[in-house]
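One structure is given here, and the rest of the page talks about it.
Start at 1 and go down the list; that is how both ligands and their atoms are numbered.
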Amino acid sequence: MKPKIFVTRQIPKPAMDLLFLHFDVEFNKEDRVLTKKEIVKGVKGKDALLCLLTDSIDAEVLDAEPNLKMVSNYAVGFNNVDVKAATHHGILVTNTPGVLTDATADFAFTLLLAAARRVGEAERFVRKGKFKGWGPLHFLGQSTEDATLGIFGLGRIGREVARRAAQGFEMKILYHDVQRVPDFEKEFGAKFVDKETLLRESDFVSLHVPLNPNTHHLIGEKEFKLMKPTAVLVNTSRGPVVDEKALAQALQEKRIFAAGLDVYEREPVIEKALLKLENVVLAPHIASATVKSRTDMGLLAVNNLVSAFNGIAPDCLVNRKVLAKSRMKVT
Ligand code: GLV
Ligand code: GLV
């Protein structure tokens, strides 16, 4: 008998096909986020759950099925899963790191350049029929030449953004993280600095930290005051890392030059003031959205399940502590 899996929303077809090969699958046939009630109902009688970053997998969901053994999250971020409660119940939790690193780093750079060069504003201008010819003072933006990039969070994605900036654009790299990475400093001539120095000295600030209580509102009113008036902020991590109201105000008062955002504090709701501003590029959480990356995330999310149900602890296990008392035997 195949293990029973509940899938909260369809993921790319190669991953669904692999899932059907190994598991007895029940999935949400509509292209929408399920309600908490529907997820609770869905996990009843299942061995595992394959879910998305838009699903809140809290104690209520984890309590719904005493035999639930695993949560495979289709995302690198796993702030949507109550990992502590899962570990307590002996439920394995996995994510999908690595396969979206390049896509996300590319998109951080897309937003960086789009915000610096006012692409959103310029495009709206063209579409409104306002383009009457080239002008020496039209749409002047910020340059990457001799610029400094400040990176918060030097995980896989932060490093790939740094590589693009250092090797492609010859930018100077500053970074701040909970730990220093000497190899990285050597490879990119990057400098580890405190938060305040990074904010004061960077022309571009890009966020690549996971969301947790320590990074909630990492960037707020106080931080915007430290940044250069010519600075550009890029957020492809998680919305609540930035105080969105404070950001809207900083952009309105031109205390920073621009921002490029892929994530929001209360997704899919966006702070109203931001929607009216020209100096912010707004994307709908698509940093990992390439055909390759989303397919590979799906295959990895499914392979994490396949490994575990074959008794092998998946590489992407985020709660190693669970192995001591997990509901299924994995080593
Ligand atoms: C996307 O935001 C992810 O965490 O995979
Ligand atoms: C995620 O993959 C990260 O470590 O940045």
Side-chain angles (χ1 to χ4, degrees), residues 7-12 14-16 19 31-34 39 49-58 70-83 86 92-112 151-161 177 206-216 218-219 233-242 244 259-270 281-305 314-319:
V7 182
T8 59
R9 195 164 175 177
Q10 288 186 74
I11 56 177
M16 293 302 287
L19 203 57
D31 191 26
R32 65 169 177 92
V33 177
L34 292 180
I39 298 176
L49 171 67
L50 196 158
C51 59
L52 313 180
L53 64 94
T54 40
D55 304 320
S56 168
I57 309 304
D58 57 11
M70 178 159 169
V71 172
S72 176
N73 201 42
Y74 177 83
V76 65
F78 47 85
N79 54 289
N80 59 307
V81 181
D82 186 340
V83 176
L92 277 67
V93 180
T94 56
N95 67 342
T96 62
V99 291
L100 46 61
T101 301
D102 279 322
T104 306
D106 283 350
F107 201 71
F109 242 94
T110 304
L111 289 177
L112 185 155
I151 295 179
F152 280 103
L154 203 70
R156 300 172 194 84
I157 298 167
R159 278 177 226 201
E160 280 309 311
V161 171
D177 201 328
S206 196
L207 307 177
H208 302 286
V209 294
L211 174 63
N212 59 42
N214 296 324
T215 59
H216 183 264
L218 176 73
I219 306 295
L233 176 73
V234 176
N235 190 10
T236 52
S237 62
R238 284 291 181 265
V241 173
V242 176
E244 216 166 275
L261 307 177
D262 189 43
V263 288
Y264 305 90
E265 257 198 282
R266 293 172 301 277
E267 266 170 51
V269 177
I270 299 179
V281 178
L282 305 168
H285 203 152
I286 55 171
S288 68
T290 64
V291 175
K292 175 171 168 47
S293 178
R294 289 283 169 88
T295 302
D296 290 349
M297 285 165 68
L299 294 173
L300 183 53
V302 175
N303 278 320
N304 286 336
L305 290 162
D315 289 338
C316 309
L317 191 61
V318 300
N319 57 344

| request: Examine the proximity of ligand 1 to Leu100 and report which part, side chain or backbone, both or neither, has a heavy atom under 4.0 Å away. | output: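 It is the side chain that gets close, since no backbone atom is under 4.0 Å.
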| query | For Asn212, does the CG atom sit with more than 12 other heavy atoms under 6.0 Å from it, leaving out its own atoms? | reply | yes
| request: Verify whether one side chain among Asp55 and Thr8 offers a donor that lies under 3.5 Å from an acceptor in the other. | output: yes
Give the atom numbers and elements of ligand 1 that come within less than 4.0 Å of a heavy atom of [X].
X: Ala75; value: 3 (C), 4 (O), 5 (O)
X: Gly77; value: 3 (C), 4 (O)
X: His285; value: 1 (C), 2 (O)
X: Leu53; value: 1 (C), 2 (O), 3 (C)

| query | Could you state the interatomic distance from CG (Asn79) to CD1 (Ile57), rounded to the nearest 0.5 Å? | reply |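 Output value for this atom pair is 12.0 Å.
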| field | Distance, nearest 0.5 Å, that separates CE of Met297 from OG1 of Thr290 | value |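 It comes to 9.5 Å.
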| request: Starting from atom 4 (O) of ligand 1, find the nearest protein heavy-atom neighbour and note its residue, name and distance. | output: Arg238 NH2, 2.6 Å
| task | Determine, considering heavy atoms only, which of Val76, Leu52, Ile286 sits nearest to atom 3 (C) of ligand 1. | result |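 When every heavy atom of Val76, Leu52, Ile286 is considered, Val76 comes closest to atom 3 (C) of ligand 1.
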| For the side chain of Thr110 and the backbone of Asp106, is there at least one donor-acceptor N/O pair under 3.5 Å apart? |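 The answer is yes, because a donor-acceptor pair under 3.5 Å joins these two groups.
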| request: Taking Tyr74 for its side chain and Arg294 for its backbone only, find out whether a donor-acceptor pair lies under 3.5 Å. | output: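 Checked: pair present.
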